[in-house]
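Read through the structure below, which is laid out as C-alpha cells, and then see the notes.
We use all heavy atoms of the structure for the numbers below, so side chains are in, but hydrogens, waters and symmetry mates are not.
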Amino acid sequence: MRARGTRRAARRRGPGPRPGRAPALLLVALLAAAPLVPLPAGRAAADGSVLTPAVTLDRKEAGKGGGLTVSGTGWRPGTLLTLLVCGQNMIGGTNACANADGRTVTTGTDGAFRTGIPVTAPPKPCPCVVHVATVTGEAAAVDASFAVAGHPVAPLPRQTGGERLGVLGARLEGSSGILTWFGAPPRRRLVLTVGNLGTTAAENPVFRVGTSHGVLAPTWEERRWRGTVPAGRRAKVALDVELAAGAYGDYLVSLKYGDKLLVEEPWDVSRPWGVTLFWILLGVVVPAGLFRAGMAVVDRLRPGEAGARGKADSKARKAGTTGEAGRASEARKARKAGVAAKGRKARNARKARKAASGAPEGIKPSRAAPGGSEPPSSASSAASPPRPLPWFAPGTAPGRPPGPPAPPA
C-alpha cells in the first residue's frame, strides 16, 4: 500500500529533473559555454596546450654590418614587437642596446613571426643578446644569446639595488676650538650605526649629508663611505660635517641614502665673540690712529710755529741743564765750607777744654763765643749764622762730630 501511494504522488508531480541529475546538467552547461570565453593569446592553444613566447636565431654569431633572421612563436596574435641587439645581457635596460638600428614586427594570427635585423655594435661590451619585447598588450620579453664578431667582451657588472640601509643610532661628536671663537668654520663628526636589511651587501655606499639653518632648505653634499655593510649585519659609519666660516645659531644636520631620509640631528653653534671683540677694538684703534695722523699733517702744514716752538723747547732744555749744573756746583762749595767751619769749631773746642783743665781755680777759661770776633775764614761761614754744638757740653767728653750733610737730591 505504501509503494502504491508513492507512485501515485510522483504521477501527480509530473515529469521533471531528478535530484541526482542537477550536477550533471551544470557540468554540461559549463562545457558548452567554454568555447565562448576568449583564451589568453599566446598562452593556450585550441587543444588546451600551453604556449610560451620563444625566439630562435638563424645563427649564433655574425659580424658588424651583417644580417640576422629572427623567428618567434607563442606570442599573442596581432601584437607589435621590438627587436634590439643589446650588450651586457641588457643589464641596466635599453641603455645597453643599439636602439637606432632596432626593428619592429607584428605577430600573425597564430602568434608567430619571422623578420630580419641588421647586426650592429651595441654601446656596451658583450656578452650580447637579441632582445624581443611587446609594445602593445600584455608585457612579455625574451632574450636570445648572440655574439657580435669583433665587438669587445667584458665581465658582467655586479647587480646592485638589493641593499636596504637603516640607522640604528646617530650622534654628533666633537667640540669647538679657540679658532672657532674667532670665526673659523665649525666642524663636527656624524657617527652612525647602520644596519643592512636587504639581501645584498652595500659596498662603498654614497650618503647625502645636508645642513639647514632656520626655515631655509638644506644644502646637500655627497659623501662616500669606504667600506662594506654585509646583508643582515651592522657597521659604524663616521662622516664629517662642516659649516661656513662665522656660522652660528640653530642648525639641523640631515642624512639621506638614495631618496630615503635616515636621520636628523640638531646642532647649536655658539656665536663667535672673538670677531665681535675684534670689531670693537678696530673701532677704537682706527679713529685714534687717524687722529694722530691728522695732527702730524697739521704740524707739517705750519712749519713756522713748529720751528719756533722747537727752538723754545731746546732753549728751555739748555737753560734747565745749565741751572742744574750751577746749583750742583754751589751745593758742593757749600758742603766744603761747612766741613771746614766744623773742623775749626772742633779745634777751638779742644783748645778750650785743654785750657779749662790746666787753668787755676777761680779763673774761668775764656770761651769763644759762638759769634766771636774771630773773623770767618770764608764768605760762606760769615754768611751762615752761628750754630750751637749739641754734641758738646762743658765737663763732659766730647762726642764724635756729625758727618758732612748729605748732598741735595
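The side-chain tip of Arg223 does not point at the ring of Phe207 from less than 6.0 angstrom away and within 45° of straight on.
A distance of 9.5 Å separates CH2 in Trp75 from OG1 in Thr73, rounded to the nearest 0.5 Å. Separation of atoms CG (Leu190) and OG1 (Thr211) is listed at 11.5 Å; rounding is to 0.5 Å. Atom CZ of Arg353 and atom CZ of Arg350 lie 7.0 Å apart (nearest 0.5 Å). Taking CZ of Arg188 as the reference point, atom OH of Tyr251 lies at 12.5 Å (rounded to 0.5 Å). Here the CG-OH distance, from Leu192 to Tyr257, works out to 13.5 Å after rounding to the nearest 0.5 Å. Rounding to the nearest 0.5 angstrom, the gap separating the CG atom in Leu172 from the CZ atom in Arg189 is 12.0 Å.
The two atoms that bring Ala121 and Ala98 nearest to each other are O-CB, 4.3 Å, heavy atoms only. Scanning all heavy atoms of the two residues, the minimum distance from Glu264 to Ser254 falls at CG-OG, 3.6 Å. The shortest non-hydrogen separation linking Ser212 to Pro218 is CB-CA, 3.6 Å. The two residues Leu80 and Thr136 have their closest heavy-atom pair at N-OG1, 3.6 Å. The two residues Ala133 and Ala141 make their nearest non-hydrogen contact at CB-CB, 3.9 Å. The minimum heavy-atom distance between Pro272 and Gly246, with the atom names listed, is CG-O, 4.3 Å.
Thr193 is listed as a side-chain neighbour of Arg234, based on a closest heavy-atom distance under 4.5 Å. Annotation: side chain of Pro125 is in contact with side chain of Gln88 (closest heavy-atom distance under 4.5 Å). Side-chain contact between Phe182 and Phe278 is absent, with no heavy-atom pair separated by less than 4.5 Å. Using a 4.5 Å heavy-atom cutoff, the side chains of Asn89 and Asp143 are not in contact. Residues Leu165 and Pro205 are in side-chain contact: their nearest non-hydrogen atoms beyond the backbone lie under 4.5 Å apart. Annotation: side chain of Asp58 is in contact with side chain of Leu68 (closest heavy-atom distance under 4.5 Å). Within the 4.5 Å cutoff, the side chain of Leu156 has heavy atoms near those of the Pro127 side chain. Taking the side chain as every heavy atom from C-beta outward, Pro185 and Leu243 never approach each other to under 4.5 Å.
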Walk me through whether Leu252 and Trp267 qualify under side-chain contact (heavy atoms from CB on, under 4.5 Å). CA-CA 6 Å; Leu252 187 66; Trp267 184 6; over 6 Å; no

Verdict with supporting geometry, Ser145 and Lys60, side-chain contact (heavy atoms from CB on, under 4.5 Å): CA-CA 7 Å; Ser145 299; Lys60 295 296 183 181; 5.8 Å; no

Intermediate values then yes/no, side-chain contact (heavy atoms from CB on, under 4.5 Å), Leu84 and Asn99: CA-CA 7 Å; Leu84 299 172; Asn99 299 308; 3.6 Å; yes

Determine, step by step, whether Phe146 and Cys126 satisfy the side-chain contact (heavy atoms from CB on, under 4.5 Å) criterion, reporting the C-alpha distance in whole Å, the side-chain angles of both residues, the deciding distance to 0.1 Å, and the verdict. CA-CA 9 Å; Phe146 179 71; Cys126 287; over 6 Å; no

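Side-chain N or O atoms of Thr134 include one that pairs as donor or acceptor with a backbone N or O of Glu138 at under 3.5 Å. Within the 3.5 Å criterion, the main-chain N or O of Thr82 finds no donor-acceptor partner in the side chain of His131. Side-chain atoms of Thr107 come within 3.5 Å of backbone atoms of Gly78 as a donor-acceptor pair (strictly under, hydrogens ignored). Put simply, the side chain of Arg114 never gets that close to the backbone of Gly72: no donor and acceptor are under 3.5 Å apart. Asn196 places no side-chain N or O within donor-acceptor distance of the main-chain N or O of Arg233, the cut-off being under 3.5 Å.
Remark: Cys86 SG to Cys128 SG, distance not under 2.5 Å.
A salt bridge is defined here as a Lys NZ or Arg NE, NH1 or NH2 lying under 4.0 Å from an Asp or Glu carboxylate O, and Glu173 with Arg171 meets this definition. A salt bridge links Arg187 with Glu242: the distance from a Lys NZ or Arg NE/NH1/NH2 to an Asp or Glu carboxylate oxygen falls below 4.0 Å.
Considering Val194, Val237, Leu261, Leu239 in turn, Leu239 is the only one that fulfils the side-chain contact (heavy atoms from CB on, under 4.5 Å) rule with Leu255. Paired with Leu282 under the rule side-chain contact (heavy atoms from CB on, under 4.5 Å), one option of Val285, Val284, Val286 passes, and it is Val286.
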